[in-house]
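The first residue in the sequence is number 1, and the count goes up from there. Counting starts at 1 for both ligands and their atoms, following the listed order.
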Amino acid sequence: MSGLLLQSPAKVNLFLKILNKRADGYHNIVTLFERVDLCDEIFLDSNKIGDIRIFCNHPHVPTGPKNLAYKAVRMLQKDFRITEGVDIRINKRIPVAAGLAGGSSNAATTLLGLNRLWGLRLGSKKLLFYARQIGSDVPFFLYNCSWALGQGRGDVIKKINIRTKLWHILVIPRIKMYSWKVYGGLKLKLTKKDDDVNILIHHLRKNNLEEARRQLVNDLETSIIELCPRLEKIREKLKLLNAQNAMFSGSGPCVFGMTDSEKDGKTMAVILRKRFNQVFVVRTL
Ligand code: ATP
């Protein structure tokens with residue numbers, strides 16, 4: 001079989017509640033993942049020399065063992081004693097280290113791709129086993145769905161059937177935001193409910209977007225703003241432009257808001273691109 005060309009999508013979190021800290025250092029969360037149509041392209045091709053070679057058009061993406069796609073290949077090579085190597089060409093479109101989980105998506109896409117390329121016939125349980133070892137956000141991308149609930153550390157996935165497609169505007173400021181710092185700055189409150197996500201899902205299913213907007217939550221927000229107060233200004237700017245309930249995706253720094261239509265999103269993008277060079281209008285995939 002010759003190479004495979006695959007799409008590796010980004011995600012945003014419309015809901016992210018932190019429940020508690022676990023003994024293993026991670027946090028238990030409840031999150032609603034939304035897959036969006038901002039995608040990297042990944043081309044996978046076997047090589048006979050046995051090496052894992054990564055080529056990427058983005059200078060900040062590691063091309064060695066630190067690349068999450070590399071980790072995916074390495075685990076399969078080891079466990080299935082595969083002598084073939086693989087060339088991975090990543091055409092990066094998803095902003096790096098933005099809270100959009102581009103690296104996790106690349107790893108999941110690579111697992112799915114190698115399963116086909118090498119004819120491994122791995123079922124979903126086995127693929128999940130590998131995905132979880134790579135990172136908390138990887139399992140979501142194994143599922144072919146637009147929406148999913150993430151529990152545990154975000155790695156326990158339940159597909160959610162919502163037909164509504166949303167438009168969003170994304171702004172990615174040039175700020176480095178490390179997830180470990182954001183989680184480190186969390187001040188956990190004792191009374192946390194995890195059931196409100198069902199209210200959000202209900203309104204999304206009914207296409208009650210006004211109501212849905214009121215249920216959007218990101219518990220990491222205070223910590224993100226404390227680390228970088230300037231991000232609050234960007235959020236306010238989006239709100240002024242009528243991007244309702246602008247919020248952060250994951251641990252940021254991506255700020256995003258819902259827009260009523262593609263046209264509205266594109267109009268906002270024209271204004272925002274005067275100040276920010278990474279602005280995208282995306283839709284639920
Ligand atoms: P998350 O929300 O899961 O924390 P993120 O969107 O904040 O993810 P990524 O774009 O996945 O961040 O990248 C985070 C870091 O991971 C980068 O700084 C980069 O060094 C490293 N990385 C490893 N593999 C990849 C990859 N395939 N694509 C992008 N970054 C990668």
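Each of the following atoms of ligand 1 lies closer than 4.0 Å to a heavy atom of Ala98: 5 (P), 6 (O), 7 (O). Applying the 4.0 Å criterion to heavy atoms of Leu100 picks out, from ligand 1, the atoms 6 (O). Each of the atoms 6 (O), 10 (O), 11 (O) of ligand 1 lies under 4.0 Å from some heavy atom of Gly102. Atoms of ligand 1 found under 4.0 Å from any heavy atom of Ser179 (numbered from 1 in listed order, with element): 4 (O). Atoms of ligand 1 found under 4.0 Å from any heavy atom of Leu68 (numbered from 1 in listed order, with element): 23 (C), 24 (N). Close approach of ligand 1 to Lys92 is summarised as follows: ligand atoms under 4.0 Å from at least one heavy atom of the residue are 28 (N), 29 (C).
Atom NZ of Lys92 sits in a crowded spot, with more than 12 heavy atoms from other residues, nucleotides or ligands closer than 6.0 Å. Heavy atoms of other residues, nucleotides or ligands lying less than 6.0 angstrom from CZ of Phe80 number more than 12.
When the options Gly103, Ser105, Ser251 are ranked by their closest heavy atom to atom 11 (O) of ligand 1, first place goes to Gly103. Proximity annotation for atom 2 (O) of ligand 1: of Ile94, Asn106, Asp137, Val96, Asp137 comes nearest, heavy atoms only. The nearest non-hydrogen atom to atom 5 (P) of ligand 1, considering only Ser8, Gly99, Pro253, comes from Gly99.
Under 4.0 Å is where a charged nitrogen must lie from a carboxylate oxygen, and between Asp51 and Arg53 no such pair does. Taking a cutoff of 4.0 Å between a charged side-chain nitrogen and a carboxylate oxygen, Arg214 and Glu211 qualify as a salt bridge. Salt bridge annotation for Asp37-Arg283: absent, with no cationic side-chain nitrogen under 4.0 angstrom from a carboxylate oxygen. Remark: Asp196 engages Lys17 in a salt bridge, criterion side-chain N to carboxylate O under 4.0 Å.
Within a 4.0 Å radius of atom 22 (N) of ligand 1, the protein has at least one heavy atom. Within a 4.0 Å radius of atom 15 (C) of ligand 1, the protein has no heavy atom.
Nearest heavy atoms, Lys11 versus Gly99: NZ-O, 2.9 Å.
At a 3.5 angstrom cut-off on N or O pairs, Val61 does not count as close to ligand 1. Checking only distances, Pro62 never comes within under 3.5 Å of ligand 1, N or O to N or O.
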| said: Please evaluate residues Arg235 and Glu232 with respect to the criterion salt bridge (charged side-chain N to carboxylate O under 4.0 Å, His left out), reporting the C-alpha separation (whole Å), side-chain torsions for both, the decisive distance (0.1 Å), and the verdict. | reply: CA-CA 5 Å; Arg235 206 166 62 131; Glu232 176 65 354; 3.0 Å; yes
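Between the side chain of Gln77 and the backbone N or O of Glu84, at least one donor-acceptor pair lies under 3.5 Å.
Nearest protein heavy-atom contact of atom 8 (O) of ligand 1 is Ala101 CA, 3.5 Å. For atom 10 (O) of ligand 1, the nearest protein heavy atom (residue, atom name, distance) is Ala97 N, 2.9 Å.
In this structure, CG on Asp137 lies 8.0 Å from OG1 on Thr31, to the nearest 0.5 angstrom.
For Met177, the heavy-atom gap to ligand 1 stays at 4.0 angstrom or more.
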